[in-house]
Q: 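Encoded as structure tokens, here's the structure I'll be asking about.
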Amino acid sequence: MILSISAQDPYKPIKWVIRPSVGETFTINKKNFGFITDNLTTYASQTYYWEVLSTTLFYRNWGIEFFVSGNQNKQLKNRFDKFSNRVTDEYSDRYYVTVSSGCEFSENYTPFAGSIDKFSLGPVYKIEKNRTIFLFRSLLGITSITSDWGSAVLKEKGTNTILDASWTSNKVGKDFFTFNPSFTIGYRIIRKIVLNFDFNYWLYNMEFSYTETIKNRDTRAGVSTNYHYSRLLNEISIGVGFMYIIK
Amino acid sequence: MKSKKVLIIISTVFLLRVIISCCDCVEPVEHKYSIEYISVYNLDNSGQNPIISETNIVPSKAYGIQIDFSLIQVAINQTNTFTIFPEASAFDCFCPPSLQYTAKDSIISLDITTINSFDSQHPSDSDVSNLFKVLYHNSYITLQNYIKQPQVVYLFEKPEKVTLSLFLLQPPEILGEHIFNIGITLSDHRFLTMTTNPVTLQ
């Protein structure tokens with residue numbers, strides 16, 4: 001049926017496209033875990049994204065797609081200040097607090113540098129009807145966030161006691177295996193260009209941990225606490241872009 | 001033909017010189033410094049950073065002693081080595097600094113004696129060195145371990161004085177006025193000593 005419709009179309013069936021787009025990603029689950037280390041990661045509940053590297057090859061109506069998208073949020077700009085304030089709030093009653101963190105050096109915010117990266121690859125099914133194009137995908141990929149270290153020197157008020165606090169994650173780059181079904185509807189405005197709207201769903205299990213260690217500089221006695229980040233995350237992206245038909 | 005050969009030889013020598021000069025470092029001039037005298041001060045570490053106490057009244061848990069070592073330059077060692085092209089040298093390729101100040105003497109012992117009775121185990125005129133520690137590379141270490149650390153080599157410029165802060169990590173049972181005597185023995189058998197101003201530990 002579909003083939004017969006395609007055969008009547010004035011346009012040749014699409015064989016190869018590139019598909020840049022921009023949009024917004026929303027996390028359905030709540031963002032914060034409430035841990036002191038929350039701002040050491042680049043996990044954000046709402047981000048804008050851009051897909052520059054995105055291409056699909058078709059054989060008849062089936063195809064394979066690969067894309068990379070960068071995700072960013074202005075809230076991620078002042079992660080060091082937020083982390084520093086949180087640590088100071090926690091300990092400043094008894095201690096003079098001096099905070100440092102990897103995000104102090106890596107937070108040079110640029111709107112086109114992704115704090116969260118997504119890579120997806122998988123099969124696509126296409127329906128072309130006159131100028132209208134429908135794409136159904138079932139992709140698998142990676143969602144990647146960054147986590148930074150943090151540390152603080154806690155000098156006790158009125159004494160010679162100094163504590164060293166540190167927060168380290170079990171791995172720096174966190175890649176989460178992601179299931180990414182998505183749908184695109186496009187309208188061919190000219191022969192080579194298709195305007196399209198994208199709807200993506202992302203499902204991945206975020207799983208990592210931070211270890212807080214507080215050590216006395218004199219006795220070297222220490223206390224450790226584990227902050228476990230574990231959540232099945234659901235995200236939705238809505239975007240707009242265009243397809244450039246190469247073939 | 002002959003002129004070509006000469007040109008090749010000259011070019012080869014020049015190129016070799018360019019390559020060699022990259023790692024032809026200036027021989028460093030080594031100065032020696034020595035500790036001339038010491039000054040001691042009572043430290044109040046109750047704030048974020050230790051400060052010299054002007055009142056000499058300090059919380060017992062935040063007491064420290066600052067020792068200032070006045071340094072003096074005593075000798076210069078310079079090693080001259082033969083080079084074919086002594087005038088040419090480069091300052092990259094990880095060359096050592098051209099000026100270095102190394103210690104002539106080392107500290108053999110650093111002792112603190114309490115003039116007043118400190119607690120039941122430390123009567124007057126007893127050694128309390130083990131109650132003080134030095135903050136070294138983000139750790140409190142004992143005075144014994146501190147003097148075992150390698151001597152500092154200063155590059156390019158020698159400071160007039162260097163400061164060492166000793167922190168009392170076991171406050172006394174007996175509060176009130178205390179005086180401490182600092183005694184330092186150097187490897188050249190000199191003995192430097194100085195007594196703190198009376199300090200009220202409260």
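Letters A, B, ... are given to chains in the order of the sequence lines, protein chains preceding strands, and every chain is numbered from 1. What you see below is based on every heavy atom in this structure, not just the backbone, and it leaves out hydrogens, waters and symmetry mates.
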Q: Contact part of B:Leu135 toward chain A, heavy-atom cut-off under 4.5 Å: side chain, backbone, both or neither?
A: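 Contact with chain A involves the side chain of B:Leu135 alone.
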Q: Among B:Pro171, B:Pro50, B:Ser139, which residue forms the greatest number of heavy-atom pairs with chain A at distances under 4.5 Å?
A: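 It is B:Ser139.
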Q: Between CZ of A:Arg217 and OH of B:Tyr136, what distance do you get to the nearest 0.5 Å?
A: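 OH of B:Tyr136 is found 14.0 Å from CZ of A:Arg217.
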Q: Side chain from CB out, backbone as N, CA, C, O: work out which of these in A:Val153 comes under 4.5 Å of a heavy atom of chain B, or both, or neither.
A: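 For A:Val153, no heavy atom lies under 4.5 Å from chain B.
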Q: Can you tell me if A:Asn160 uses its side chain to pair, donor with acceptor, with the backbone of B:Leu168 under 3.5 Å?
A: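 Yes; judged by distance alone, with no hydrogens or angles, the pair exists.
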Q: Looking at A:Ile162, A:Thr98, A:Thr161, which makes the most heavy-atom pairs under 4.5 Å with chain B?
A: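 Result: the option with the highest number of such pairs is A:Ile162.
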Q: From B:Lys133 NZ over to A:Asp218 CG, what is the distance, rounded to the nearest 0.5 angstrom?
A: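 It comes to 4.0 Å.
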Q: Any idea which heavy atoms bring B:Ala62 and A:Gly158 closest together, and the distance?
A: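 In this case the closest contact between B:Ala62 and A:Gly158 is CB-O, 3.5 Å.
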Q: Around atom OH of B:Tyr37, are there more than 12 heavy atoms from other residues, nucleotides or ligands closer than 6.0 Å?
A: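 12 or below, so no.
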Q: Judged by atom type as modelled, is there a donor-acceptor pair below 3.5 Å linking the side chain of B:Tyr140 to the main-chain atoms of A:Arg220?
A: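 A pair under 3.5 Å: no.
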Q: Roughly how far apart are B:Lys61 NZ and A:Glu156 CD, rounded to 0.5 Å?
A: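 Between B:Lys61 NZ and A:Glu156 CD, I get 7.5 Å after rounding to 0.5 Å.
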Q: Return yes when atom NZ of B:Lys161 has more than 12 non-hydrogen atoms of other residues, nucleotides or ligands closer than 6.0 Å, and no otherwise.
A: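 Result for NZ/B:Lys161: open.
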Q: For B:Gln151, look at atom CD and say whether over 12 heavy atoms of other residues, nucleotides or ligands are found less than 6.0 Å away.
A: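 It does: B:Gln151 CD has more than 12 such atoms within range.
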Q: Identify which part of A:Asp164 has an atom lying under 4.5 Å from any heavy atom of chain B, answering side chain, backbone, both or neither.
A: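 The side chain, not the backbone.
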Q: I would like to know whether A:Lys155 and B:Asn45 meet side-chain contact (heavy atoms from CB on, under 4.5 Å); could you show each step before the answer?
A: CA-CA 10 Å; A:Lys155 161 71 178 62; B:Asn45 193 26; 3.3 Å; yes
Q: Using a 6.0 Å cut-off, check whether atom NZ of A:Lys82 has over 12 heavy atoms from anything other than its own residue.
A: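 More than 12 within 6.0 Å, yes.
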